[in-house]
Amino acid sequence: MADHKLNAKKLLAYNRINNKYTIPSHNLYPHQWSWDSPWIMYGYTELKEFDNAENEIFSLFDYQWTNGLVPSIVFHNLENNTYFPGPDMWDLHITADHLTNKNNCTGIVQPPIHADACLKLFQKSKNLKFLEAIYPKLLKWHKYLYNERDINDEGLVYIRHPWESGMDNSPNWDESLNRINITEFKYSKMRTDNKKVNSDERPTDITYERYLYLINLFKECRFDEKQIFHKSEYIIQDVLFNTLLLKSNYALLEIVKILNYSNDINLLNYWINKTKASFESKFFKNDFYYDYDLKAEKLIENKTISGISAILTCEKPKLLVNSLKDNFLDIKNNNYNISSLDRNHNMFDSINYWRGPMWTNLSWLIISGLYKVNEIELANKIRLNCIKKIEEIGFYEYFNSNDTENKKSSGCGDNCFSWTAAMYICLTSNIKM
Ligand code: GLC
């Protein structure tokens with residue numbers, strides 16, 4: 001095995017706890033995160049570490065709530081309390097005791113990429129028992145999303161916290177968050193993230209106050225989704241979240257065919273058709289797919305990486321290829337880092353988290369979409385750029401999207417980050433999502 005690939009494998013082993021689950025990184029994220037686990041599973045699958053991949057998903061779904069919610073974080077190890085906000089901020093034993101008897105997790109979700117990762121795992125492992133065991137949990141997860149998070153019955157699921165998007169401080173959330181009036185800075189002083197890594201690469205304090213304000217609102221509503229919907233200012237239908245939902249619905253459809261569970265085929269087709277139709281009619285405008293603010297009842301017209309991610313499942317992928325070239329790459333300067341925000345946007349910041357940097361997981365997703373629509377040359381260029389960057393700089397959480405020389409200093413956030421290692425394995429093997 002080539003050196004770098006071996007290092008990626010070793011990094012995953014270093015971040016894997018008791019051979020059960022894999023933390024994103026020891027420094028910033030010492031717990032299990034919901035959508036990190038499937039990204040990591042793609043890597044394990046490619047390494048043929050099938051047990052690790054299976055344990056990963058079961059460790060997460062063990063914490064699924066009775067209504068089907070899959071928590072964004074599971075705090076398996078309560079002794080490690082260096083992450084803020086930890087379980088005591090959620091108080092689930094009081095606020096959600098009717099929905100879960102496990103208190104060491106959050107009450108929000110992350111994007112539903114799980115079913116796709118499970119299908120890919122089965123396609124390599126051929127372990128039918130695994131598929132039989134995980135399928136009901138995955139179905140219950142999607143039922144929660146459609147039953148509880150689609151208030152207008154449109155086939156589009158909404159998120160109720162920025163952390164649910166996986167893109168914590170995307171400018172798409174600014175307008176909704178600004179409607180939350182903060183009079184006192186109570187929680188941001190308890191932050192640990194901005195002390196562990198460069199604070200210029202992290203969200204601001206007022207954003208953190210609003211993150212915590214929303215958590216308090218959920219607790220007050222005892223996680224009743226309808227109440228939260230009515231009381232909250234932040235209710236968004238996000239393109240990436242619904243793209244992954246659609247992708248995972250296709251995976252579930254394949255899984256039921258493998259398992260011969262023909263009773264569920266109609267439901268899955270119903271979801272797929274409904275989501276697809278609303279996705280095109282609601283998110284698309286002119287040449288791009290935009291998030292929708294359900295409280296202000298309008299599109300959020302920023303070009304972000306969320307819109308580009310639609311390339312995986314949408315009906316107008318060629319328009320997104322144009323936008324990718326014009327807004328997210330800088331081809332005339334030989335820059336093939338996909339930025340997370342339109343480079344011409346006034347908020348663009350090449351090192352600040354989801355406001356400009358390059359992320360390897362979404363790069364792999366977009367690369368997969370490019371191969372699918374036959375943009376082979378462009379896909380190869382972006383892929384090789386990503387590989388070289390990781391090899392020369394390291395397994396960083398994200399990268400300065402203006403860097404074309406692979407300078408050491410352009411690695412951002414945490415180092416030794418699991419999904420970057422997993423993505424490196426997928427990119428070098430050239431497998432697709
Ligand atoms: C950050 C990222 C999120 C990720 C988490 C753990 O919060 O924005 O997408 O899941 O870190 O890696």
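Here the structure is a predicted model, which means the values were calculated and not measured. Counting convention: from 1, in listed order, for ligands and their atoms alike.
In terms of polar-atom proximity, defined here as any N/O pair under 3.5 Å, Trp35 does make such a contact with ligand 1. Residue Trp359 has no N or O atom closer than 3.5 Å to an N or O atom of ligand 1.
Regarding atom 1 (C) of ligand 1, its nearest protein heavy-atom neighbour is Tyr353 OH, 3.0 Å. In terms of protein heavy-atom proximity, atom 3 (C) of ligand 1 is closest to Gly166 O, 3.6 Å. Counting only heavy atoms of the protein, atom 12 (O) of ligand 1 lies nearest to Asp36 OD2, 2.6 Å. Among all protein heavy atoms, the one lying closest to atom 7 (O) of ligand 1 is Asp168 OD2, 2.7 Å.
A heavy-atom separation below 4.0 Å is not found between Trp163 and ligand 1. At least one heavy atom of Gln110 sits closer than 4.0 Å to an atom of ligand 1.
Applying side-chain contact (heavy atoms from CB on, under 4.5 Å) to Met167 and the options Asn172, Thr304, Asp238 leaves one that passes, Asp238.
For an aromatic pair to be called close, the ring centres must be under 6.0 Å apart, and Phe229 with Tyr158 satisfies this.
Atoms of ligand 1 lying under 4.0 Å from any heavy atom of Trp33, numbered from 1 in the order shown and given with element: 5 (C), 6 (C), 10 (O). In the vicinity of Pro24, heavy-atom distances shorter than 4.0 Å reach the ligand 1 atoms 6 (C), 12 (O). Close approach of ligand 1 to Phe417 is summarised as follows: ligand atoms under 4.0 Å from at least one heavy atom of the residue are 12 (O).
Ring-plane geometry between Phe399 and Tyr396 is classed as perpendicular, the angle between the planes exceeding 60 degrees on a 0 to 90 degree scale with a lower cut at 30. Between Phe218 and Phe223, the two ring planes are tilted [angle within 30° to 60°]. Ring geometry for Trp419 against Trp35 counts as perpendicular: the plane angle is over 60°, on a 0 to 90° scale with 30° as the lower cut.
Once rounded to the nearest 0.5 Å, the distance linking CD1 of Ile94 with CG of Asp97 reads 8.5 Å.
In this structure, Lys137 is not positioned above the aromatic face of Phe61 in the sense of NZ or CZ being under 6.0 Å from the six-membered ring centre and within 45° of the axis. A cation-pi arrangement is absent between Arg149 and Tyr144 under the rule of less than 6.0 angstrom and at most 45 degrees off the ring axis.
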